[in-house]
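One structure below.
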Amino acid sequence: MTFSEQDRLFMMKAIRLAEKGLYTTTPNPRVGAVIVKEGRIIGEGWHEKAGGPHAEIRALDDAGERAVGSTLYVTLEPCSHYGRTPPCADAVVNAGISRVVIAMRDPNPLVSGQGIERLEKAGIEVECGLLEREAVELNPGFVMRMKAGRPWVRLKIAASLDGKTALANGISQWITGPSARRDGHGFRARSCAILTGIGTVLADDPSFTVRDVDTPRQPLIIVLDSRLRISGDAKIFKGKTLVVTAAENGEKRAELEAAGAEILHLPDGNGKVDVHELMKELGKRGINELHVEAGEVLNGALMKAGLVDEIVFYLAPHLIGSRAKGMFDFPALEKMEQRHEMNILDIRMVGKDLRIIGRPDV
C-alpha cells in the first residue's frame, strides 16, 4: 500500500497528539487523531484518560459538520464495541467521513479488524499500516497486555562505567548525575507501576515517587518480599502499594495492611514469589508498562524468567571496582553461547552520563 508524503505528515501529527497522553491514558492506549479536508486540518484530538472521549470523538467534535467528505488519520483502529464509551467506528460513519487512514490495528485478537470491517461496510475507504512502528512504540505495554496478558517490563539500571550499581556495603546514592535521574523519572511517569525488591527497600528506603515530571498521577508501587521483611514505616507506603509475598504471616500482614498496603500471596513452591503468576495478575489489573528499579537479584530473576522486554542503562563516567554490586545475579556461564544478547535501540548522552536503551534478542 502506497501512502503520500502528505499522508505521512498528517499521521505524524496524529502520533504527536497521541504522545500528549503518555502519562495519563492507562490502562487505555495512547491515541491521536487528525481530520483533514482539502489538504487542511479541520479537527484534531487525543485520548487523555480512561472513561474520557477517545481521540476520534474529540477530533470529530473539533471538526463539526465540516467532517463530511474528509479523511481521518488515527493511530489505532477505531473501536467497534461498547466499553466506557460508545463505538468510535459508528461515530466516524455517522459523521460522513469518506476515508480513514490507520497506523495500527487493534492488538486485541478478539476485536482486531472489527472496527475496520464496520467502516468498510459503510462504504468508507480504509487504509492501514502508515507509521505502524511508531504507533506500536507508543503503546508497547498495551500491545503486550492484549497479546500476552502481561505488562511490558522495562528495567532501569544506573551503574558505573564498569557496570556496578552499588558499593559492596550497599550504598548506591548517587551513581548517576541529576540529568540522568530526571530522565529516569520520565520512564517512571509513563509506567502504570514500579516494581522493586525487598533488598532495595531495606538498603535505601526509597519512596519511588515521580518527581521532576509534570504528571497528574503516581504509579502503583510493587514490592517483592518473599518473607515479609518490610517495615510498616517504609516510605513507599505513603502511596498506593502492593506487597507480593510467598509467606503466610497474619500478624505482619495486618501491620502492612494497616499501613495502607495490599498484600498478594503468590508462592512458587520454593519459598519465592512466582514472577510469572505476578505478571499475569498485573495484566488482569490493566498494568500496561511495568518499570523495574531493583538490585541484581530481582534483575537477574526477571531476565532468567524471560520477562524483560527493555532495559534502560545509565552509565556514569567513573569506576567502582570488582568488589561492588553488579547489574544481574546470574549463575556462572560456561559457554559464550549462554550470553544474554541485546539489541541496542538508542545511545545518547544525558548530562554527563551515557544512556543506552536495549532489548533482549529473543
Side-chain angles (χ1 to χ4, degrees), residues 19 22-23 134 137-138 140-141 151-197 199-215 218-219 221-222 235-236 289-303 307-330 339-361:
E19 290 174 347
L22 191 65
Y23 305 144
E134 288 82 353
E137 286 295 324
L138 194 57
W152 175 268
V153 180
R154 179 185 293 111
L155 267 61
K156 175 257 184 179
I157 299 176
S160 60
L161 204 56
D162 53 348
K164 302 303 178 180
T165 61
L167 303 181
N169 61 9
I171 294 175
S172 62
Q173 297 178 340
W174 298 103
I175 285 181
T176 53
S179 295
R181 297 199 295 275
R182 281 194 297 271
D183 191 72
H185 278 261
F187 287 103
R188 281 187 185 180
R190 66 175 289 165
S191 302
C192 307
I194 299 173
L195 174 66
T196 193
T200 298
V201 175
L202 293 178
D204 299 335
D205 192 21
S207 63
F208 283 124
T209 54
V210 175
R211 303 179 297 278
D212 300 319
V213 174
D214 185 15
T215 176
Q218 292 289 334
I221 307 300
I222 306 171
K235 290 179 182 177
I236 57 169
E289 295 184 27
L290 180 64
H291 178 83
V292 182
E293 293 192 32
E296 58 186 350
V297 174
L298 181 52
N299 288 345
L302 292 173
M303 282 292 290
L307 292 172
V308 175
D309 301 299
E310 184 171 276
I311 306 177
V312 181
F313 299 93
Y314 294 95
L315 300 181
H318 50 241
L319 307 174
I320 296 180
S322 61
R323 296 184 182 181
K325 296 183 181 294
M327 299 182 185
F328 300 95
D329 179 21
F330 291 147
R339 295 174 298 184
H340 294 266
E341 298 286 346
M342 299 289 297
N343 292 315
I344 303 302
L345 273 66
D346 183 76
I347 301 176
R348 67 182 65 187
M349 297 300 297
V350 180
K352 294 183 178 180
D353 302 313
L354 179 66
R355 191 189 78 182
I356 302 174
I357 298 180
R359 293 178 182 171
D361 186 3

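In this text the structure is predicted, and so the values were computed from the model without any measurement. The first residue in the sequence is number 1, and the count goes up from there.
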Check against side chain to side chain contact (heavy atoms under 4.5 Å, CB included), Met303 and Ile311: CA-CA 10 Å; Met303 282 292 290; Ile311 306 177; 4.2 Å; yes
Residue pair Thr165, Glu296: steps toward the side chain to side chain contact (heavy atoms under 4.5 Å, CB included) verdict: CA-CA 8 Å; Thr165 61; Glu296 58 186 350; 5.6 Å; no
Criterion side chain to side chain contact (heavy atoms under 4.5 Å, CB included) on Thr196 and Leu298, from CA distance to verdict: CA-CA 8 Å; Thr196 193; Leu298 181 52; 5.6 Å; no
Ile175 vs His318, side chain to side chain contact (heavy atoms under 4.5 Å, CB included): CA-CA, chis, key distance, verdict: CA-CA 9 Å; Ile175 285 181; His318 50 241; 3.7 Å; yes
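Taking the six-membered ring where the residue is Trp, the centroids of His340 and Phe330 are separated by under 6.0 Å.
In this structure, Glu310 and Leu155 have side chains that are not in contact, with every pair of non-hydrogen atoms separated by 4.5 Å or more. Side chains of Leu195 and Leu302 form a contact here, defined as non-hydrogen atoms less than 4.5 Å apart. Annotation: side chain of Arg154 is in contact with side chain of Ser191 (closest heavy-atom distance under 4.5 Å).
Separation of atoms CD1 (Ile194) and CD1 (Ile221) is listed at 4.0 Å; rounding is to 0.5 Å. Atom OG of Ser160 and atom NZ of Lys325 lie 13.5 Å apart (nearest 0.5 Å). Rounded to the nearest 0.5 Å, atoms NZ (Lys164) and CD1 (Ile320) are 9.0 Å apart. In this structure, the separation between OG on Ser207 and CD1 on Ile236 is 9.5 Å, given to the nearest 0.5 Å. Summarising the geometry, atom CZ belonging to Arg190 is positioned 5.0 Å from atom CG belonging to Leu22; distances are rounded to the nearest 0.5 Å. The line from CD1 of Ile157 to CG of Leu315 is 9.5 Å long, rounded to the nearest 0.5 Å.
Minimum heavy-atom separation, Pro151 to Leu290: CB-CB, 4.0 Å. Heavy atoms only, all atoms of each residue included: Trp152 and Pro140 are closest at CD2-CB, 3.6 Å. Annotation for Thr200 and Phe208: closest pair CG2-CZ, 4.2 Å, computed over non-hydrogen atoms. The minimum heavy-atom distance between Gly186 and Tyr23, with the atom names listed, is O-CE2, 3.8 Å. Summarising the geometry of Ala294 relative to Gly197, their closest heavy-atom pair is CB-N, 4.1 Å, with the distance given to 0.1 Å. Nearest heavy-atom pair across Asp309 and Pro360 is O-CD, 3.5 Å.
Counting only residues at least two apart or on different chains, the side chain to side chain donor-acceptor pair (under 3.5 Å) pairs with a member in residues 346-358 are Asp183-Arg355, Asp346-Arg348, Asp346-Arg355.
Around the CG atom of Asp361, the shell of radius 6.0 Å holds more than 12 heavy atoms that belong to other residues, nucleotides or ligands.
In this structure, Asn299 contributes its side chain and Gly295 its backbone to a donor-acceptor pair below 3.5 Å. For Arg211 (side chain) and His185 (main-chain N/O), no donor-acceptor pair under 3.5 Å exists by modelled atom type. Panel note: side chain Asp162, backbone Ser322; no donor-acceptor pair is recorded below 3.5 Å.
Every residue meeting the salt bridge (charged side-chain N to carboxylate O under 4.0 Å, His left out) condition with Glu293, not counting sequence neighbours, appears here in chain and number order: Lys156, Arg188.
Ring geometry for Phe328 versus Phe313: interplanar angle over 60°, hence perpendicular rather than tilted (30 to 60°).
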